[in-house]
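A short worksheet on the structure shown next.
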Amino acid sequence: MSSPSLHIVIAGAGPAAQALVRRLAGKGGPRPRDHRTFEGTITVLSNRDECSDALLELAELPKVSVRFGQAASYIDVDAKMVTTVDGMEFSYDQLVIATGSAPSLPPVTGAYCGLNYSTIDDAGPIGEAVKDVTRVVGRRPLGILVGTGPAAGQAEAVLRARGVRPVRTTLRPSAVVPSLAGSPLPATGILFEDGSSMNGDLVVLAEERTARTELASSAGLELAHDGGIAVGRDLATSVPGIWAIGDAASCDGLRLGLLLSAESSAMLCASGLLSAARGGAAAATAEVQAAA
């Protein structure tokens, strides 16, 4: 069964947005349970000028248009129009906000040497890194975990589940200490402002992040108490026809990126979008029949 044709605009081009595009285009995971297919068009508004391989692959799909360097800046709910920072306008039938989150604090010096935990999708790469470190040290690794809050709590659980002995600090370091030249280990410790340090076999930074909600605020969307875009369990926002996925959204008081993987968010959102398309088509048919 096919869905009625509609145009979807996705504001954002991160992992959750990419997963949603793949699923709608029939390129990612199993189809929704009702087996309907999406026959509309998709416009992805990316805030980045660079064209990553993943986005270029999406842009080659016949239903998809990716606009690089065109970050969405304003939503006119009544007109169903999204305006970008350069003044370009894109109309939509359904809009998905996937603007993600940003670090709450400036990056720690040398942070690129360590591992980062921001969303549940980071569990996989950390697991692979732990395997590599374990092979190198030949024993159960000792991990240094930096952070407070839900993200750090999840990161600690991920490390323990993968055999790492995590030592957690809530005091923010001044620097991540890289390993010695020639060592296969990317980072082995952290340094504090008073000169003290903590050493281990790997470093994980799991500091809190702030949802990017400026676009949602322009449309008057309800925000959650934690600052994210409030969504229901179907990922619908407080404004009909607008959805939010990824780390910009918040459900049941927790960032969506900590609740669901990008693929799981995409599956839920795709199902909602297809249902909305079917409902809109049914309403239009009813109007035509009533006018006849």
Do you know which two heavy atoms are closest between [X] and [Y], and how far apart they sit?
{"X": "Val231", "Y": "Leu235", "result": "CG1-O, 3.7 Å"}
{"X": "Leu258", "Y": "Ala151", "result": "CD1-N, 3.9 Å"}
{"X": "Val130", "Y": "Arg162", "result": "CG1-O, 3.6 Å"}
{"X": "Ala17", "Y": "Ala98", "result": "CB-CB, 4.0 Å"}
{"X": "Glu156", "Y": "Pro166", "result": "CG-CG, 3.9 Å"}
{"X": "Ala72", "Y": "Leu215", "result": "CB-CD2, 3.7 Å"}

Next on the checklist: Pair Thr170, Arg168 - check side chain to side chain donor-acceptor pair (under 3.5 Å), show working.
Outcome noted: CA-CA 7 Å; Thr170 58; Arg168 184 170 169 181; over 6 Å; no
Is there a continuous path of hydrophobic side-chain contacts, each under 4.5 Å between heavy atoms, that joins [X] to [Y]?
{"X": "Val176", "Y": "Val167", "answer": "yes"}
{"X": "Leu205", "Y": "Val164", "answer": "no"}
{"X": "Ile8", "Y": "Leu61", "answer": "yes"}
{"X": "Leu142", "Y": "Val136", "answer": "no"}
{"X": "Leu6", "Y": "Ile242", "answer": "no"}

Contact check, side chains of [X] and [Y], non-hydrogen atoms, under 4.5 Å:
{"X": "Gln18", "Y": "Leu55", "value": "yes"}
{"X": "Glu263", "Y": "Arg22", "value": "yes"}
{"X": "Ile144", "Y": "Val204", "value": "no"}
{"X": "Val203", "Y": "Ile190", "value": "yes"}
{"X": "Val44", "Y": "Leu58", "value": "no"}
{"X": "Leu273", "Y": "Leu24", "value": "yes"}
{"X": "Leu260", "Y": "Ile120", "value": "no"}
{"X": "Thr188", "Y": "Asp201", "value": "no"}

Separation of [Y] [atom2] from [X] [atom1] (nearest 0.5 Å):
{"X": "Leu256", "Y": "Leu268", "atom1": "CG", "atom2": "CG", "result": "8.5 Å"}
{"X": "Met198", "Y": "Leu145", "atom1": "CE", "atom2": "CG", "result": "9.0 Å"}
{"X": "Ile229", "Y": "Cys251", "atom1": "CD1", "atom2": "SG", "result": "13.0 Å"}
{"X": "Leu259", "Y": "Leu254", "atom1": "CG", "atom2": "CG", "result": "4.0 Å"}
{"X": "Cys269", "Y": "Leu274", "atom1": "SG", "atom2": "CG", "result": "9.5 Å"}
{"X": "Thr109", "Y": "Leu191", "atom1": "OG1", "atom2": "CG", "result": "9.5 Å"}

Checklist entry - How about Arg233: does its CZ atom have over 12 heavy atoms from other parts shown lying under 6.0 Å from it? => result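 Incorrect, the count does not exceed 12.
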Next on the checklist: Using the rule side-chain contact (heavy atoms from CB on, under 4.5 Å), only one of Val9, Thr83, Ile97 pairs with Ile75; which is it?
Outcome noted: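 Result: among Val9, Thr83, Ile97, Ile97 is the only option passing the side-chain contact (heavy atoms from CB on, under 4.5 Å) with Ile75.
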Could you list the donor-acceptor pairs under 3.5 angstrom formed between side-chain atoms of residues 111-119 and any protein atom two or more places apart in sequence or on another chain?
from   : atom 1 : to     : atom 2 : distance (Å)
Tyr117 : OH     : Gln154 : OE1    : 2.8
Ser118 : OG     : Arg209 : NE     : 3.2
Thr119 : OG1    : Asp121 : N      : 3.3

Item to check | Distance-only side-chain donor-acceptor flag, Thr210 / Ser104, under 3.5 Å | outcome: yes
[Y] backbone acceptor or donor facing [X] side chain under 3.5 Å:
{"X": "Ser101", "Y": "Arg212", "value": "no"}
{"X": "Ser265", "Y": "Ser261", "value": "yes"}
{"X": "Arg140", "Y": "Gly163", "value": "yes"}
{"X": "Ser46", "Y": "Arg67", "value": "no"}
{"X": "Ser196", "Y": "Phe192", "value": "no"}

Item to check | Glu39 with Lys63: basic N within carboxylate O range, under 4.0 Å | outcome: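 Answer for the salt bridge query: no.
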Checklist entry - Are Arg172 and Glu207 ion-paired here, with the side-chain N under 4.0 Å from a carboxylate O? => result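 A salt bridge links Arg172 with Glu207.
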Please tabulate, one pair per line, all N/O donor-acceptor pairs under 3.5 Å involving side-chain atoms of residues 86-96, not counting sequence neighbours.
from  : atom 1 : to     : atom 2 : distance (Å)
Asp86 : OD2    : Gln70  : NE2    : 3.0
Asp93 : OD2    : His7   : N      : 2.7
Gln94 : OE1    : Trp243 : NE1    : 2.8

Checklist entry - If you look only at pairs with a residue in residues 215-227, which of them pass as a side chain to side chain donor-acceptor pair (under 3.5 Å), with sequence neighbours excluded? => result Asp226-Ser250
